[in-house]
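Below is one structure, written out as structure tokens; the observations come after it.
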Amino acid sequence: MSEDAGEAIAAFVGATVQDPRSNSRPGIAHGYDDHVVDELFDAAITAMTAGTIVEPAGAPT
């Protein structure tokens, strides 16, 4: 889960050019419509899948 969250953060930093070492303009390294949103969905799906796997059998919902 932390890997997926890190990838989403890295994509956001790339899209907003918050990396002081970057010479790119906003949206050049990564775009919101593709990479950032995809990484956020990937993190969400991973979290939901993990939640169904680690829930003990018979646990109240």
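The structure presented is a predicted model; accordingly, all values stated were derived computationally and were not measured.
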> How far apart are the closest heavy atoms of A43 and D4, and which atoms are they?
Replying inline: CA-CB, 3.8 Å
>> Give me the atom names and distance for the closest heavy-atom approach of A8 to E39.
In response: CA-CB, 3.6 Å
>> With rounding to the nearest 0.5 angstrom, report the CG to NE2 distance, L40 to H35.
In response: 10.0 Å
> Hey, what do you get for CG (D42) to CD (E3), rounding to the nearest 0.5 Å?
Replying inline: 9.0 Å
